[in-house]
Amino acid sequence: MTAVATPSVQAQDEEVLAPLDEVADLAPHSPARGVLIALGKGLAIAVPVLFLTTLITFALGAFSDQDPAAAVLGEVATPADVERMRHEFGLDRPFYEQYGSWVWNALHGDLGSSWFTNIPVADSIVERLPVSLSVAGLALAIALVLGASGGIVAALNRGRFVDRAITAVSAAITTVPAFVAGIGLIIVFAVLIPVFPTGGYVPISAGIGLWASFLVLPAFALGLDASADLARQLRTGLVGSLDENYVLGAQVRGLPWRRVVLVHALRNGAAPAIAVVGLHLPRLVGGAVITEAVFQMPGIGQLTRDAALRGDVPVIQGALLVAVLLVLVSSLVVNVVLARLLPASGRAA
């Protein structure tokens with residue numbers, strides 16, 4: 001009886017752990033197929049979303065009450081001057097022609113020129129984009145590090161003081177807007193304890209240390225909310241994974257606990273947390289507008305705000321187009337990551 005039971009137990013353990021250690025052998029084509037399906041679905045959504053957002057954005061500028069020709073020329077302009085300027089801007093053409101021409105030029109990298117400075121919009125965006133990407137990228141890194149660390153520590157100490165403390169702090173952080181967090185960080189770490197500058201920006205060519213010092217506070221202000229949500233979702237997903245049978249089977253087989261948690265359980269429990277990161281990516285892009293205003297950073301957010309205040313429609317349209325593209329690309333990346341995780345999660349469940 002014993003000789004028969006022992007192979008049976010081993011076979012059960014191997015069957016339990018097969019979704020984790022041997023999923024590639026069981027379904028060698030499923031990960032690639034899942035990625036292709038995710039890309040296909042993402043593009044099927046991204047294309048109409050991009051079309052609708054660009055159409056709405058362009059329509060808001062085209063049908064606004066402001067006459068850009070009169071605004072550029074000033075009050076002393078004659079009606080003939082205004083008509084001439086409208087012809088130069090292409091505003092005397094039908095709407096569909098204006099929109100089609102704008103889309104065609106945008107596909108070739110031409111987003112038009114500012115009505116007030118005559119500077120190409122693409123040049124202004126290329127100059128400002130590194131600032132916004134630096135802040136959003138560092139904010140995402142901070143959210144991933146803090147959120148992943150907090151979620152893992154809370155899950156491994158579930159029910160204890162550490163778990164309750166991390167959960168309470170995460171819940172409190174989600175109620176604090178980014179601009180309030182930014183002001184608080186400036187007061188503490190730039191005024192009371194002058195460790196970081198109060199605002200501004202220097203390029204990375206001035207030195208990595210100096211460049212990073214201008215990004216730390218705005219990135220923390222922007223990434224705190226995402227880190228709190230990530231910690232809570234990862235804690236919940238990891239706790240559920242640790243209760244699964246394959247974790248017990250891994251312990252019976254003598255696998256190191258660190259490998260069980262950080263490889264098997266984390267891979268299967270991280271899908272909800274990754275989805276939360278995908279939801280926060282648009283907020284990181286949109287929140288840069290407020291963060292850059294608080295910290296006086298010359299990024300896309302400040303460019304858009306200044307253009308909106310003076311009614312510079314081409315700049316607004318170009319900046320919004322770039323923001324939408326960033327959001328759609330980041331969403332595609334998240335969908336691909338989830339497609340790599342979910343097949344394993346589904347087999348392990």
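These numbers come from a predicted model, not from an experiment.
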**Asked** With a 4.5 Å heavy-atom cut-off, do I186 and V294 have their side chains touching?
**Response** yes
**Message:** Using side-chain heavy atoms (C-beta onward) and a distance below 4.5 Å, is T174 in contact with R232?
**Reply:** yes
**Asked** Is a side-chain N or O of T53 found less than 3.5 angstrom from the main chain of L50, in a donor-acceptor match?
**Response** yes
**Asked** Within the side chain of Q302, is there an N or O that forms a donor-acceptor pair under 3.5 Å with the backbone of Q296?
**Response** no
**Request:** Any chance you could lay out the salt bridge (charged side-chain N to carboxylate O under 4.0 Å, His left out) test for D163 and R160, step after step, and finish with the verdict?
**Result:** CA-CA 5 Å; D163 180 22; R160 301 176 185 174; over 6 Å; no
**Message:** How long is the straight-line distance from CG of L215 back to OH of Y201, given to the nearest 0.5 Å?
**Reply:** 6.0 Å
**Fill in**
Distance col, row L156:CG vs R235:CZ, nearest 0.5 angstrom, shows 10.5 Å
**Asked** What closest approach, in Å, do T198 and F295 show between heavy atoms, and which atom pair accounts for it?
**Response** O-CD2, 3.5 Å
**Asked** Just wondering, are more than 12 heavy atoms of other shown residues or ligands nearer than 6.0 Å to CZ in F189?
**Response** no
**Asked** If you measure from CG on L55 to CH2 on W102, what distance do you get to the nearest 0.5 Å?
**Response** 9.5 Å
**Flag, side chain of S101 to backbone of Q98, donor-acceptor distance under 3.5 Å** = no
**Prompt:** Just wondering, do S213 and P197 contact through their side chains at under 4.5 Å, heavy atoms?
**Reply:** yes
**Request:** Look at the aromatic rings of Y99 and F51 and report parallel, tilted or perpendicular, splitting at 30° and 60°.
**Result:** perpendicular
**Message:** Tell me if the CG atom of L309 is crowded by more than 12 foreign heavy atoms within 6.0 Å.
**Reply:** yes
**Prompt:** For P130, does its backbone N or O pair with a side-chain atom of S134 as donor and acceptor, under 3.5 Å?
**Reply:** yes
**Message:** Looking at L129, is its backbone amide N or carbonyl O close enough to the side chain of S132 to form a donor-acceptor pair, meaning the two atoms are under 3.5 Å apart?
**Reply:** no
**Separation between CG of L234 and CG of L144, rounded to the nearest 0.5 Å** = 10.5 Å
**Item:** Which atom of A273 lies closest to which atom of Q233, heavy atoms considered
**Value:** CA-CB, 4.1 Å
**Heavy-atom donor-acceptor pair, R164 side chain to G159 backbone, under 3.5 Å** = yes
**Message:** If I take atom CD1 from residue I316 and atom OG1 from residue T304, how far apart are they, to the nearest 0.5 angstrom?
**Reply:** 7.5 Å
**Message:** Against V315, only a single residue in L320, V121, D306 fulfils side chain to side chain contact (heavy atoms under 4.5 Å, CB included); can you say which?
**Reply:** V121
**Atom pair CD1 (I166) and OG (S149), whose distance is rounded to the nearest 0.5 Å** = 9.0 Å
